[in-house]
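Heads up: the structure comes next, in structure tokens.
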Amino acid sequence: MKNVEIINKKPVAAGLVDYEKTHKEFSWEIIKREFDIDDDKVNIAYEAIDKHAKTWRKNKVALYWEGADGTCQKYTFLEMKKLSDKCANMLRALGVKRGDRVFIFLPRLPELYIGMVAIAKLGAIAGPMFSAFGPDAVRDRLQNSEAKVLITTPELKERVDAVLWELPKLEHIVLVNHKEDEELEEGNVCYKTLMRDASDIFEMEWVKLEDPLYILYTSGTTGRPKGVTHVHNDMVSHYITTQWVLDLRDDDVYWCTADPGWVTGTVYGLWGPWLNGISFYVFDGRFDAATWYEIIQNYKVTVWYTAPTALRMLMKAGDDLVKEYDLSSLRYVCSVGEPLNPEVIRWGLKVYGLPIHDNWWQTETGSIMIANYPCLPIKPGSMGKPFPGIEAAIIDGTGSKLSAGQHGLLALKPGWPSMLRAVWGDEKRFKEYFNINGWYATGDTAYKDEDGYFWFVGRADDVINTSGHRVGPFEVESALLEHRAVAESGVIGKPDAERGEIIKAFIVLREGYKPSHELEEELKIFIRHRLAAHAYPKEIEFCANLPKTRSGKIMRRLLKAKDLGLPTGDISTLED
Ligand code: AMP
């Protein structure tokens, strides 16, 4: 095995101080006892908000919020309790009941956070959607979940209007930032008006630990996005991973840069910190290196959870910029979502004086599974070690464990509290995760070294990871086919120094259309508008045909190999 560099600059850990001992003695039952809950009478919203509103934390800030225009707001735990009570009463009056799906399509406004808590209080199921989604992505999610209510803004609603006729189950649209003197269309209601009239005392809907809490849609290789469904029981995992991996404590000001439309933003940008009574900061603006440093300086951020693409962009912005800000409040930095380059960790150590702690998990796992902990040395490039209570292994296609250093499938032993409980409405796709001898198959390939550190190798399938966002090639291909000029398309992820991967589309045009720069631009805009801003192909190549199997499936692996000049491997299934 190659010699690896080790960073031994360990911060003073607040939570996990002895990894090996904790790993040996760990039990989820013991962690669960910290909640003092009854399996049939729980609610994550009580544990995350209402409970704190009864203690000294009631006047503690739960949320520091800053808009793109510099507007600042803050909410204490008591204010959050009252506002989420009001919002829950408002939704109840609209007919929302336990088990109903309420989707949120909002920028990172305070109402997004209030709404998520309110939906949980009702025992309803929340579906946060990334605000960059276009009409197709929104339709897929609302249609599949049969959402009853949607909370959005008048601007974002325009994207929903285009597909409204395809959503017969949607009964109400709640409009945040609607101007009260403007007329409302049928089925639309004004958030502000209804909130003003709603009572701030809500009778909590107690649910079972196994009742669904939220659905987040995520991409696979084929088919429409999967509605990964999580339950209230997830809170046991949220709570303890937040303490031991993010190392949060009561006096922290924590900033998670992820949007709640992605799992990191829902779990560690909302539930995890609030279950621990932590104050966090939210910025509803775009990435800008100087602005980000200003945030850390102004809010005295102590713990920062971000992503490799952002860190690479900060690195590009240069060392001198860092020197213009006082970042001395920072004590702990974590990263997730894509491979974190050792170079970035070394740079972080130089300019921030802190090592960056990479960790690995997925929408389906519901909480961090493999991590670099404050109490362990970091091997730059490694995702770290499994969380106590998690059995991770490298297996072959039959489920046999491989030995140290061998590349294979990254798999987890099922049964941790935050594991996905269903793919909404699709039992078959849910079961597919457990096809290899009872293991949960992650879809990633990796290897484990002699010291038990896990190293990411790649995806075992065609799923693309661009700037930490998971994109299914099938979704982009389907959206491209809706354009009148496109006869066929094949979509791959192409390695990119800044974004990890970019999306590249190979396109066969219909008769009568000719390749041109204008058409290329038109197709890019088409996908941005229909699907999502992050999911459009940055590169387009027009071709006469696509490599296909004899059964007609596009061989993306071959497109990728040819594009990158790599060996094409087995092509025996290629059509003539
Ligand atoms: P998502 O479900 O959208 O959060 O995407 C999960 C996928 O992102 C994983 O299956 C990995 O392919 C990738 N991923 C997440 N964290 C890491 C990491 N620390 N290193 C490498 N890849 C990661």
Side-chain angles (χ1 to χ4, degrees), residues 128-130 132-133 137 214-221 225-230 234 241 245-246 256-269 272 305-312 333-342 344-345 355-373 378-387 390 392 394 407 409-412 418-420 423 433 440-448 453-473 475 493 495 499-501 532 534-535:
M129 294 191 290
F130 189 37
F133 283 154
Y214 72 92
I215 308 176
L216 263 179
Y217 283 77
T218 192
S219 302
T221 307
K226 299 179 262 195
V228 173
T229 307
H230 285 282
D234 281 39
T241 49
V245 183
L246 303 181
C256 169
T257 61
D259 189 285
W262 305 100
V263 77
T264 303
T266 289
V267 174
Y268 297 106
Y305 192 19
T306 189
T309 293
L311 289 164
R312 287 189 290 262
V333 186
C334 290
S335 163
V336 73
E338 333 153 49
L340 180 65
N341 330 48
V344 177
I345 300 183
I356 300 166
H357 296 78
D358 184 21
N359 51 69
W360 176 97
W361 60 296
Q362 308 176 296
T363 308
E364 292 89 338
T365 67
S367 65
I368 295 165
M369 295 285 108
I370 298 175
N372 287 283
Y373 306 88
I378 290 176
K379 294 189 186 184
S382 160
M383 306 185 285
K385 292 189 171 197
F387 190 79
I390 299 297
I394 305 298
H407 291 203
L409 304 168
L410 175 60
L412 305 166
S418 67
M419 191 181 83
L420 81 160
V423 170
Y433 284 107
Y440 163 78
T442 66
D444 285 352
T445 56
Y447 70 91
K448 185 166 101 165
Y453 280 71
F454 282 74
W455 300 72
F456 182 80
V457 174
R459 284 291 301 185
D461 54 24
D462 293 331
V463 170
I464 300 162
N465 188 335
T466 179
S467 304
H469 300 324
R470 200 158 137 182
V471 176
E475 291 156 52
R499 295 175 182 274
E501 283 183 314
H534 65 275

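Index from 1, following the sequence. Remember, predicted model here, so these are calculated numbers, not experimental data. Start at 1 and go down the list; that is how both ligands and their atoms are numbered.
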Any N or O on [X] sitting closer than 3.5 Å to an N or O of ligand 1?
X      : answer
Gln362 : yes
Asn359 : yes
Arg459 : yes

Take every heavy atom of Trp361, measure it against each atom of ligand 1, and state whether any distance is under 4.0 Å. yes
Can you pull out the closest protein heavy atom to [atom]? Residue, atom name and distance to 0.1 Å, please.
atom                    : value
atom 1 (P) of ligand 1  : Thr363 OG1, 3.4 Å
atom 18 (C) of ligand 1 : Glu338 O, 3.4 Å
atom 5 (O) of ligand 1  : Arg470 CD, 3.4 Å
atom 14 (N) of ligand 1 : Gly337 O, 3.3 Å
atom 12 (O) of ligand 1 : Asp444 OD1, 2.9 Å

The salt bridge (Lys or Arg N to Asp or Glu O under 4.0 Å) partners of Glu475 (sequence neighbours excluded) come to none
Those residues at least two apart in sequence (or on a different chain) that pass salt bridge (Lys or Arg N to Asp or Glu O under 4.0 Å) with Arg459 are Asp444, Asp461
At under 4.0 Å between heavy atoms, what of Asp358 touches ligand 1? The answer is side chain
